Each structure stands twice: as C-alpha cells, then as structure tokens.
**Q** 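My questions will all concern the structure given below.
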2 protein chains.
Amino acid sequence: MDTNTAKARLRDAGFRATQQRTAFVSRLAAVHEPQSIQELADALSGTCDPVTVYRMITAFEKAGLVRESTIGGRPHYELAEAGDDHHHLVCTNCRAVEDFVGCGADAVARAALKRSRRFTSVTSHSFDLYGLCRSCTA
Amino acid sequence: MDTNTAKARLRDAGFRATQQRTAFVSRLAAVHEPQSIQELADALSGTCDPVTVYRMITAFEKAGLVRESTIGGRPHYELAEAGDDHHHLVCTNCRAVEDFVGCGADAVARAALKRSRRFTSVTSHSFDLYGLCRSCTA
DNA sequence: CTACCTGCAAACGGTTTGCATTGCC
DNA sequence: GGCAATGCAAACCGTTTGCAGGTAG
C-alpha cells in the first residue's frame, strides 16, 4: 500500500493523516501478518513514541480500521478488510502465522443457538488453529 | 465436588492438598463457569493471598488441571475434564457464558492443512461465539 | 523431619494519563 | 488559526520474584 492510499484510508475513517498514522497503516499493510504492540513500536521507533502506538491502536480498533487477535497470549493487530472472515493457523513453536478461510462458524452458531436457552443471537466469533509449521516439525 | 474429591484430584496431579489449593479447586468446581483471576482472588480472599492464586494458576495449568480461555480480553480459568472439547458462547454485553459442544474443528483443520503449504499438523484450536443473551437483548 | 508451599513486601514491566507543544486541515 | 494529535514524564496496576516462616506428608 503506498503512502497516499494509507492516507486516504485514514481520512475515510475520519482521522487526520499524520506522519505517524500513515507510517502505522503502511507498516501493517506491508507485513500483512498480525503484529504485536512491541513489534509495531519497534518498527515505528524512529517515527513515533510507543505511547502514540497505544493511542493509535485504541482509536483504529474502535473505528474498525484494525482487527485484534490474540497470538501467544498477547494481542496482535492487522488491517481490517471489508467482508473479511479469515482466521489464523499459528505455529506453537515459532509463532509463524498463516491465514485460512472457511471456518464454518455460521453452521456452528446456528446449531449452538438452537440448543441454547439463554442466548438469542450470535454476532461474531473467534477461531484459531494451533499446530506446527514445516520448519518446526521434528 | 466435595472437599475430599478436590484433595484427591490435587494429589492425583502430584500436588500437596493444602487448604488453599483445595479451596481453589472446590471454587472452580462450584461455579463451573470460567473465572477471571480477579474473581478467583476475591472468592478466596479469606483463604489465601492473591499471589498464591497466581502461583496455583500457573502450576495447575501446566499440570493440565485447569484450562485457560480468554473472555473479554482477560484470561479465565475452569477445571479441565478429560476428553472435554466444549467452547463458549459469550454475551458481549454482560459477559454471561454458556458452553456448547460440536465446533467442527476437525473438519476445518483437515481442510486448512490440505490447503496450507507451510503447516504440517494441527494440534489444538480455539473457538468462541459472541452474541447477546436473553436478558441483554433489547 | 524435610521439602514444598504460602504470605508479605518489594520489584517489575506494560499500559494509561496529564499536560504542554506541534502540525494537520 | 484552531483543534486534534503527539511527546515526554509520571502515575498506575496487574503480575512476578525473593525470602522467611509454616505445614502437609
């Protein structure tokens, strides 16, 4: 994603396209793997303060510009794409991440709701697979 | 679960059945909903120090006596039962939790592995549904 | 009796907040 | 020019660690 696209995306979401935010969005677009707060702060260390990273994450997540997912017990962030319902295959050894689609959540949600006494609707879900990648397989 | 069962369970897992640990296991058995660290510390406040709660959680999880799951961004714990593969339906408003079974993860994992270039095996998964419970439905 | 466990207090590290300054729009 | 965003420093809070005393086996 080039700088202008990143800026347009920020403005579309109602934000001022500052240098720091543009760098943040560009970074997420470039790596297209979920990033930890630490990784983001390190990558942007020449550009902005870690405190600003926290503030951007909070604002962008609320605005639906980024998605949060938990990997190895820590929150990670990636750009949110419209209509996107991908999930992660995570290596339990090296934390490598690969996306996959088709989690069948709709059917599972329907079945669970049917059986449930206390719930009336399902609005979202999380689904992740954990295993070993090729290079970590003994 | 009565006190003696709790003690037996602890000894089976290789622990000394202290008063604090017995109370911890009994508590989890009594509520049979995932509990946050805070909730556990509060429930056991007359029995043991919060620090001990942390130490028990760490030890019990490693021993496979309790399972961790993330609810509302915070870790929660429940007793682990053999062969158990249930998941949670969580109310996004009041955090009420209901269990459900049948997540279809086996089929999804098989399909994902087939498509994957980098992964060779899937050993575990997480799957949770988020929605509204009856009393939080407007 | 002895090794394991617990309580207390202090250290630790990640996250949040307050406030003055900067820089988009 | 005005208001939102940033940087810096300090507060904050949940978690971990060290150590001395207690308790289960």
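Chain letters run A, B, ... following the sequence lines, proteins first, then strands; residues in each count from 1. No hydrogens, no waters, no symmetry mates; every other heavy atom, side chains included, goes into these values. All values reported here derive from a predicted model rather than from experimental measurement.
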**Q** So which atom in B:Tyr77 and which in B:Leu28 form the shortest heavy-atom distance, rounded to 0.1 Å?
**A**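 Answer, listing the atom of B:Tyr77 first, then B:Leu28: O-CD2, 3.5 Å.
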**Q** Under 4.0 Å between a side-chain N/O of A:Arg11 and OP1 or OP2 of C:dC25, yes or no?
**A**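 So the side-chain polar atoms of A:Arg11 do come within 4.0 Å of the phosphate oxygens OP1 or OP2 of C:dC25, strictly under.
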**Q** Could you tell me how far apart B:Leu10 (CG) and D:dG25 (C1') are, to the nearest whole angstrom?
**A**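 That distance rounds to 14 Å.
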**Q** Roughly, in whole Å, what's the span from CZ in A:Phe15 to P in D:dA5?
**A**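 Atom CZ in A:Phe15 sits about 7 Å away from atom P in D:dA5.
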**Q** Under 4.0 Å: is that the gap between some side-chain N or O of B:Gln20 and OP1 or OP2 of C:dG7?
**A**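 Yes.
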**Q** Measure the distance from CD1 on A:Ile37 to C1' on C:dG13 and round it to the nearest whole Å.
**A**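 Rounded to whole Å, this separation is 13 Å.
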**Q** Which residue, A:Val51 or A:Gln38, contacts DNA chain C at a nucleotide closer to its 5' end, judged by nearest heavy atom?
**A**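 Of the two residues, A:Gln38 wins.
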**Q** Figure out the CG/C1' separation between A:Asp49 and C:dA20, and round it to whole Å.
**A**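 After rounding, the reported distance stands at 15 Å.
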**Q** To the nearest angstrom, how far is B:Lys62 atom NZ from D:dT16 atom C1'?
**A**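 Result: 14 Å.
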**Q** Determine the contact category for A:Thr47: base if any of its heavy atoms lies under 4.0 Å from a base atom, sugar-phosphate if only primed atoms, P, OP1 or OP2 are that close, otherwise nothing.
**A**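 Sugar-phosphate contact only.
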**Q** Does a side-chain heavy-atom distance below 4.5 Å link A:Glu39 with A:Arg74?
**A**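 Result no, sub-4.5 Å side-chain heavy-atom pair not found.
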**Q** Which heavy atom in A:Ser69 sits nearest to a heavy atom in A:Glu78, and how many Å separate them?
**A**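 Scanning both residues completely, I find the closest heavy atoms to be OG-OE2, 4.2 Å.
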**Q** Identify the heavy atoms of A:His76 and A:Ser36 that sit nearest to each other, and give their distance.
**A**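 Looking at all heavy atoms of both residues, the closest pair is CD2-N, 3.4 Å.
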**Q** Out of D:dG7, C:dC5, C:dC25, which has the shortest distance to the side chain of B:Arg21?
**A**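 The answer is C:dC5.
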**Q** If you take the centroid of each ring, where Trp contributes its six-membered ring, are B:Phe60 and B:Phe24 closer together than 6.0 Å?
**A**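 Ring-ring flag for B:Phe24/B:Phe60: true, centres closer than 6.0 Å.
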**Q** Under 4.0 Å between a side-chain N or O of B:Thr18 and OP1 or OP2 of C:dT6?
**A**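 It does, given that an N or O in the side chain of B:Thr18 lies less than 4.0 Å from OP1 or OP2 of C:dT6.
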**Q** How long is the line joining CG of B:Asp12 and C1' of D:dG25, in whole Å?
**A**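 Atom CG in B:Asp12 sits about 16 Å away from atom C1' in D:dG25.
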**Q** Could you state the CG-P distance from A:Leu40 to C:dG14, rounded to the nearest angstrom?
**A**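 Distance check: A:Leu40 CG to C:dG14 P gives 15 Å.
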**Q** Rounded to whole Å, how long is the line connecting atom CE of B:Met56 with atom C1' of D:dT15?
**A**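 About 15 Å, once rounded to whole Å.
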**Q** Are any of A:Arg16's side-chain N or O atoms less than 4.0 Å away from OP1 or OP2 of D:dC3?
**A**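 Indeed not, no polar side-chain atom of A:Arg16 lies that close.
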**Q** For C:dT6, take OP1 and OP2 only and decide whether either is under 4.0 Å from a side-chain N or O of B:Arg55.
**A**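 No, outside the criterion.
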**Q** Between B:Gln19 and B:Pro75, which is nearer to the 5' end of DNA chain D once each is assigned its nearest nucleotide?
**A**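 On the 5' side of the pair lies B:Pro75.
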